[in-house]
Trainee: 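Take a look at this one; I'll ask things after.
All values below were derived from every heavy atom in this structure, side-chain atoms included, with hydrogens, water molecules and symmetry-related copies excluded.
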Amino acid sequence: MNDLMERYLSAVCSYFMGPKRKVIYKDLKKQLQASAKNYDNLEDLLIDYGHPRSLALSFGYRPFISHIYNPKVVNLIERIVFSLSFIYLFFSTLYYLQQLNCLPFLSTQQIASTLNDSTFLTWILLHPMIVMSGIFIIAALELFILDYKNSLKQEHDLKWDLKTLYKLCPPSHYPYHVIETIFIIIFTIFFFFFSLFFTSHKILEIQHASSQMIHLMTYFFQPFIMIIYLDYIIDLTKKKYTKKYLKYSSVINLFTIVALITFIVNSEYLQYYLLPLNITFSYFLVNFFIIGAISIILFISLYKLLRNIKSYRSLFKK
């Protein structure tokens with residue numbers, strides 16, 4: 001019976017985020033325990049308390065988006081976004097790893113001549129931020145158009161009976177998104193200052209043999225930055241994780257980890273890419289931001305990969 005109460009509590013609290021979620025969980029649990037003495041069984045108590053969404057609304061839940069999207073359309077758009085993003089990430093990573101001399105099985109070209117190449121394909125590879133943003137914008141437009149053509153009845157199914165009660169998911173099925181949000185805030189702050197530094201005049205004053213490689217690395221990081229944001233946005237839409245999402249997210253995060261480790265190992269990064277610390281403070285900042293960018297992308301990707309594996313085993317183990 002305690003399991004049934006926890007399922008109900010988790011279903012109600014899944015509509016909230018952050019500290020409010022914990023407060024409502026404690027308050028509601030106290031109310032249920034206090035009211036239990038007036039009922040012969042827990043099922044009657046929970047049925048009387050009503051549908052989890054209705055109860056969440058009474059606790060102050062107000063959805064950011066009231067529109068009900070067609071799940072089939074959402075799944076299709078999600079698959080398109082992940083597929084296009086991964087395809088671009090794959091070829092962009094190969095391109096930049098080659099330019100950074102990290103793929104010995106491919107012929108190496110001069111970086112300067114490659115950056116000045118004006119072909120359409122090269123332009124796409126040289127503007128990862130624009131391309132990834134374009135994928136997101138086009139996907140959003142497709143979502144609105146397809147959902148409009150395949151719209152659903154804009155009323156939530158609040159049918160509430162014993163059968164629906166027993167169908168409630170275990171607590172492990174409801175993600176919190178708190179840790180991911182904290183990470184993305186730190187991630188955003190770091191790369192805000194990262195972008196300010198590498199677009200300032202300070203970076204132009206630095207003269208070093210590897211300065212061109214460092215400039216190229218700032219482009220190399222951009223697809224990984226954007227894919228982390230896209231993954232986070234899709235993650236926030238998940239009230240309950242699905243098999244497909246966990247698989248898509250895991251593949252992309254695993255690829256990110258492998259790509260960055262390949263760069264670190266094959267480029268002999270620590271030996272050839274770090275600037276001398278005893279010259280200027282700007283050299284120290286270059287090292288700090290480059291090492292920081294690699295570390296934070298690796299850390300978030302590793303966390304999400306492990307979280308996805310844990311969630312998959314917890315949700316879908318036989």
Trainee: Please tell me if the side chains of L165 and R7 come closer than 4.5 Å, counting only heavy atoms from C-beta onward.
Mentor: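 Heavy-atom side-chain distance check fails, nothing below 4.5 Å.
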Trainee: Do D161 and T164 have a side chain donor and acceptor closer than 3.5 Å?
Mentor: yes
Trainee: Do F221 and P128 have side chains that get closer than 4.5 Å, going by heavy atoms?
Mentor: no
Trainee: Determine the minimum heavy-atom distance between G292 and F190, stating which atoms define it.
Mentor: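 Heavy atoms of G292 and F190 come nearest at C-CZ, 3.5 Å.
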Trainee: Walk me through it: do S10 and Y25 pass the test side-chain hydrogen bond (donor to acceptor under 3.5 Å, both in side chains)?
Mentor: CA-CA 8 Å; S10 298; Y25 175 86; over 6 Å; no
Trainee: Grab the two heavy atoms, one from A259 and one from T93, that are nearest each other, plus how far apart they are.
Mentor: CB-CG2, 3.5 Å
Trainee: How are the rings of H51 and W160 set relative to one another: parallel (under 30°), tilted (30 to 60°) or perpendicular (over 60°)?
Mentor: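 It falls in the perpendicular class, over 60°.
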Trainee: Could you tell me whether a side-chain N or O of S14 sits under 3.5 Å from a main-chain N or O of A11, the two making a donor and an acceptor?
Mentor: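 Yes, the answer is positive, given that a donor and an acceptor are paired below the 3.5 Å cut-off.
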Trainee: Is there a side chain to side chain contact (heavy atoms under 4.5 Å, CB included) between Y245 and F82 once you walk through the steps?
Mentor: CA-CA 9 Å; Y245 167 73; F82 273 120; 3.9 Å; yes
Trainee: Answer whether the closest heavy-atom distance between the side chains of F144 and V73 falls below 4.5 Å.
Mentor: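 F144 vs V73: side chains apart.
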Trainee: Mark yes or no for whether S54, through its side chain, and G50, through its backbone, hold a donor-acceptor pair below 3.5 Å.
Mentor: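 Judged by distance alone, no pair lies under 3.5 Å.
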Trainee: May I have the step-by-step check of side chain to side chain contact (heavy atoms under 4.5 Å, CB included) for K72 and N150, ending in yes or no?
Mentor: CA-CA 9 Å; K72 293 182 179 179; N150 303 274; over 6 Å; no
Trainee: Over all heavy atoms of both residues, which pair between I264 and I294 is shortest? Give the atoms and the distance, please.
Mentor: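 Distance-wise, the nearest heavy atoms are CD1-CG2, 3.6 Å.
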Trainee: Spell out, as yes or no, whether a donor-acceptor pair under 3.5 Å connects the side chain of T237 to the backbone of I234.
Mentor: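 Looks like yes, one N/O pair under 3.5 Å.
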Trainee: Within a 6.0 Å radius of atom NZ on K26, are there more than 12 heavy atoms belonging to other residues, nucleotides or ligands?
Mentor: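 Incorrect, the count does not exceed 12.
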Trainee: Does CD1 belonging to I179 count more than 12 external heavy atoms closer than 6.0 Å?
Mentor: no
Trainee: Hey, mind stepping through L89 and T256 against side chain to side chain contact (heavy atoms under 4.5 Å, CB included) and telling me if it holds?
Mentor: CA-CA 9 Å; L89 182 66; T256 299; 4.1 Å; yes
Trainee: Could you walk me through whether S250 and Y312 pass side-chain hydrogen bond (donor to acceptor under 3.5 Å, both in side chains), step by step?
Mentor: CA-CA 10 Å; S250 296; Y312 191 91; over 6 Å; no
Trainee: Taking the side chain as everything from C-beta on, heavy atoms only, tell me whether M129 gets closer than 4.5 Å to M226.
Mentor: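 Touching, per the 4.5 Å side-chain cut-off.
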Trainee: Could you tell me how the ring of Y241 sits relative to the ring of H177: parallel (under 30°), tilted (30 to 60°) or perpendicular (over 60°)?
Mentor: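 Correct class here is perpendicular.
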Trainee: Any sub-3.5 Å donor-acceptor pair from S58's side-chain atoms to L55's backbone N or O?
Mentor: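 A pair under 3.5 Å: yes.
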Trainee: Looking only at the aromatic ring of each residue, does the gap between the centers of F191 and F194 stay below 6.0 angstrom?
Mentor: yes
Trainee: Can you tell me if D147 uses its side chain to pair, donor with acceptor, with the backbone of N70 under 3.5 Å?
Mentor: yes
Trainee: Side chain to side chain contact (heavy atoms under 4.5 Å, CB included), that's the test. Do K238 and E78 meet it? Break it down for me.
Mentor: CA-CA 11 Å; K238 300 297 179 184; E78 182 180 299; 2.5 Å; yes
Trainee: Find out whether W123 and I130 are in side-chain contact, i.e. whether some heavy atom of one side chain is under 4.5 Å from a heavy atom of the other.
Mentor: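 They are in side-chain contact.
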Trainee: Under 6.0 Å between the ring centres of Y229 and F136?
Mentor: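 Distance test on ring centres: not under 6.0 Å, no.
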Trainee: List the steps, then state whether ring-ring contact (aromatic ring centres under 6.0 Å, His included) holds for F289 with F193.
Mentor: CA-CA 9 Å; F289 281 118; F193 288 105; 7.7 Å; no
Trainee: Would you check if Y248 and I252 make a side-chain contact, meaning some heavy-atom pair closer than 4.5 Å?
Mentor: no
Trainee: Under 3.5 Å, is there a donor-acceptor pair linking the side chains of S249 and N253?
Mentor: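 Present: a donor and an acceptor within the cut-off.
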Trainee: Please check: side-chain N/O of N75 versus main-chain N/O of P71, any donor-acceptor pairing under 3.5 Å?
Mentor: yes
Trainee: If you look at every heavy atom in P63 and R53, which pair is closest and at what distance?
Mentor: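 Smallest heavy-atom distance, with atoms named: CG-NH2, 4.2 Å.
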Trainee: Please check if the side chain of R79 supplies one atom and the backbone of V74 the other of a donor-acceptor pair under 3.5 Å.
Mentor: no
Trainee: For D235, which residues count as a salt bridge (Lys or Arg N to Asp or Glu O under 4.0 Å) partner, sequence neighbours excluded?
Mentor: R307
Trainee: Do F299 and Y303 have their ring centres less than 6.0 Å from each other?
Mentor: no
